[in-house]
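Let me begin by presenting the structure, written as structure tokens, before commenting on it.
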Amino acid sequence: MILATALSYTYPVGVRPALRDITLSIGAGELVLVTGPTAAGKTTLCYALSGILQHEFGGTCSGYLALNGRPVTEYAGVGELNRYVSMVFDDADSQLIFTSVEEELASGLETRIDSKQEIEDRVRDVMELCGITHLRERPPYALSGGQKQRVAIAAALAMDTDIIILDEPTSELDVVATSRIIEILQDLKARGKTIIIVDHSLEGYRNVADRVIVMEEGHISREGTFNEIFPEQQGSMKALYTDPDLEPYSPVNRPVIATIDSLIKRYGTIEALSGVSLTLYEGEFIAILGENGSGKTTLVKHLNGLLRPDEGSVHVRSLDAATAPVIDLVKQTGLVFQNPDTMLFADSVRDEIMFGLENIGADSPDQVIGGVLAMVGLSGSEATYPRHLSRGERQRLAVACILAMKPGLIILDEPTTGLDEKESDRMMDLMLTLQKSGHTIIMVTHNMRIAEEYASRIIAMENGRVIGDYHNLKGRAS
Ligand SMILES: Nc1ncnc2c1ncn2[C@@H]1O[C@H](COP(=O)(O)OP(=O)(O)OP(=O)(O)O)[C@@H](O)[C@H]1O
Ligand SMILES: Nc1ncnc2c1ncn2[C@@H]1O[C@H](COP(=O)(O)OP(=O)(O)OP(=O)(O)O)[C@@H](O)[C@H]1O
């Protein structure tokens, strides 16, 4: 189905090859899990195996790649390749362009299927399969991160291609949605589809993946069965509510940094927050957990003025977040978005950080920029074009932009998305250092391991409400 021999690739502006000497063969009905550290070339491999790289990206490519027995260069272009390969990109936003979920799913089919009825049936089935039927008429841009990811997966599955390539498709999904997607992939595999999936969270694939490929610095460093590559159990998610190290939250003896009182927020007819009340204290390291669409992002956006309350109130220190100018709120609260790409738009890493600094009128910016880049491990990348960084690197740049403004309260919306375990821990260690130096940290996450290991307080949300608030006695920030 897929045959690559000595495949190497360098991006048009790249100095080093992003892929080096890749040789692999993947058959029908095989599910291959690709993993490896940030910037190892996993996304680039996905682009290559889907033919996009050779047909759309330019750059220098050598070696041989055939899909379905035919050299990829012989396909007329991405239009023809789309009949055989579909891809879910690691940035769902870049993929969703239509005005409703239903349209998004139908659009790809309209060029390939004549019967309207058949298109409708296929769209309905795939929405049901991915659990997004209730989002049918919603515009994709107005969905939560996890909901968007499910729509992007559904759009790829609707195409019913022989090869399906998924680049970190579950990074923003909660535990239930992730296992659902893995079940779907298992079913597709049984039906003879070839599936290539990049993921950092591995355990769910133990009994599903036929093979694991580990990439490092552009080449395949290891390849084998799941049990060969990961012989030890990595520990499964612990149920939050039965954890003996969590103790119901009681107020602490510290200054208050933010007060949220009976907060209600609606998007049209959808009530995203239904009366949230919380008091947050200086120096806390708070993890907010909850299923996709439970209101986590909506809640934190109230703390820096991106959203204003419909009812109830939010105060950050002495500022009333309903009326305070955004510039005043931003100086208190820095928010790193769920998807770093929505924050990055300048032509260089330096300009990206400069933008925020100019807004607040900071002194000696070059010193600040050098300092924050060193903190996030991107020293020397001042002149790099942000879009040429890997997802993990872009995520760290987004954090650097916020750190540069030195806000007392730092909010990270799913900060470890797209980062491998080592990188995630590095990011968390950075947050821990900032907390120890007096910052208050709030992170929204689906990663329970990270919440339990680091946070001093864990807040659980469901359906727009807080359903649990705990001291995390074991957290390193406690
Ligand atoms: N469009 C591009 N132009 C130039 N270099 C790029 C481009 N995209 C990626 N790179 C570089 O190629 C290397 C591999 O990146 P890639 O995105 O494939 O890594 P990855 O393993 O998917 O990383 P992550 O886990 O962070 O998503 C990185 O060094 C990255 O900076
Ligand atoms: N701009 C918007 N317009 C309309 N509805 C929205 C918008 N943003 C979010 N919603 C809806 O509000 C609810 C809460 O969304 P929110 O993004 O706060 O959830 P979340 O807990 O952060 O989810 P995830 O874990 O998937 O990121 C969801 O039902 C979502 O579809």
Side-chain angles (χ1 to χ4, degrees), residues 9-20 34-48 52-53 56-59 89-92 101 132 134-135 138-151 167-168 171-177 198-200 214-219 265-274 276 288-302 306-307 337-340 378 381 384-397 413-414 416-420 422-424 444-446 460-465:
Y9 175 77
T10 305
Y11 281 101
V13 295
V15 272
R16 282 180 305 147
L19 294 180
R20 288 194 289 129
V34 179
T35 191
T38 290
K42 305 179 297 296
T43 296
T44 309
L45 181 67
C46 290
Y47 289 146
I52 301 176
L53 205 59
E56 299 279 311
F57 272 70
F89 296 89
D90 68 349
D91 170 16
V101 167
I132 53 169
H134 63 294
L135 305 174
R138 301 270 305 273
Y141 64 81
L143 297 176
S144 80
Q147 290 167 335
K148 280 181 193 163
Q149 229 170 10
R150 277 191 252 185
V151 174
D167 191 3
E168 301 192 30
S171 55
E172 286 169 21
L173 298 187
D174 57 55
V175 185
V176 179
V198 175
D199 215 328
H200 287 303
V214 183
M215 291 196 66
E216 263 168 77
E217 297 185 351
H219 70 276
K265 182 67 189 176
R266 299 181 197 91
Y267 299 104
T269 54
I270 295 159
E271 192 166 274
L273 295 176
S274 307
V276 171
I288 304 183
L289 299 172
E291 292 192 354
N292 293 136
S294 55
K296 306 178 296 294
T297 301
T298 304
L299 175 65
V300 296
K301 281 182 173 171
H302 282 84
L306 273 175
L307 290 174
F337 289 97
Q338 190 161 4
N339 178 351
L378 288 174
S381 67
T384 307
Y385 181 51
R387 297 275 160 173
H388 290 166
L389 299 173
S390 76
R391 166 98 189 210
E393 292 165 335
R394 297 199 300 274
Q395 196 105 12
R396 284 190 271 142
L397 172 58
D413 199 351
E414 304 199 16
T416 59
T417 300
L419 304 189
D420 57 49
K422 202 168 108 211
E423 281 282 352
S424 301
V444 171
T445 185
H446 290 295
M461 291 191 67
E462 192 178 280
N463 283 334
R465 293 175 197 279

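In listed order, ligands and their atoms are each counted from 1.
The closest approach between Glu168 and ligand 1 falls below 4.0 Å for a heavy atom of the residue. Ligand 1 has Glu393 within reach: a non-hydrogen atom of the residue lies less than 4.0 Å from it. At least one heavy atom of Gly41 sits less than 4.0 Å from an atom of ligand 1.
Looking at ligand 1, you won't find any N or O of Arg387 less than 3.5 Å from one of its N or O atoms. In terms of polar-atom proximity, Ala39 is counted as a contact of ligand 1, with an N or O under 3.5 Å from an N or O of the ligand. Annotation: Ala40 places an N or O atom under 3.5 Å from an N or O atom of ligand 1; distance criterion only.
Within 4.0 Å of ligand 2, contacts by protein heavy atoms are made from Arg138, Ala142, Ser144, Gly145, Gly146, Gln147, Tyr267, Ala272, Glu291, Asn292, Gly293, Ser294, Gly295, Lys296, Thr297, Thr298, Gln338, Glu414, His446.
Between the Asp174 side chain and the Gly290 main chain, no donor and acceptor come within less than 3.5 Å of each other. Using a distance-only test at 3.5 Å, with no hydrogens or angles considered, no donor-acceptor pair links the side chain of Gln147 to the main chain of Ile132. For the pair Lys42 (side chain) and Gly36 (backbone), a donor-acceptor distance under 3.5 Å is present.
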Please determine whether side-chain contact (heavy atoms from CB on, under 4.5 Å) holds for the pair Tyr9 and Tyr47, giving the CA-CA distance in whole Å, both sets of side-chain angles, and the decisive distance to 0.1 Å.
CA-CA 11 Å; Tyr9 175 77; Tyr47 289 146; over 6 Å; no
_Met215 vs Leu19, side-chain contact (heavy atoms from CB on, under 4.5 Å): CA-CA, chis, key distance, verdict_ = CA-CA 10 Å; Met215 291 196 66; Leu19 294 180; 3.9 Å; yes
| task | Evaluate the side-chain contact (heavy atoms from CB on, under 4.5 Å) criterion for residues Leu143 and Arg150: first the C-alpha distance (whole Å), next the side-chain angles of each, then the deciding distance (0.1 Å), finally the verdict. | result | CA-CA 10 Å; Leu143 297 176; Arg150 277 191 252 185; over 6 Å; no
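Looking only at side-chain heavy atoms (C-beta outward), Lys265 and Val276 stay at 4.5 Å or farther from each other.
A donor-acceptor contact under 3.5 angstrom links the side chains of His446 and Glu414, judged on distance only. For Asp167 and Thr43, the side-chain atoms include at least one donor-acceptor pair closer than 3.5 Å.
Proximity to Ala18 (heavy-atom distance under 4.0 Å) selects the following atoms of ligand 1: 12 (O).
Within the 4.0 Å heavy-atom criterion, the part of Val13 lying near ligand 1 is the side chain and not the backbone. Neither the backbone nor the side chain of Arg16 has a heavy atom within less than 4.0 Å of ligand 1.
Partners of Tyr385 under the ring-ring contact (aromatic ring centres under 6.0 Å, His included) rule, at least two apart in sequence or in another chain, are His388.
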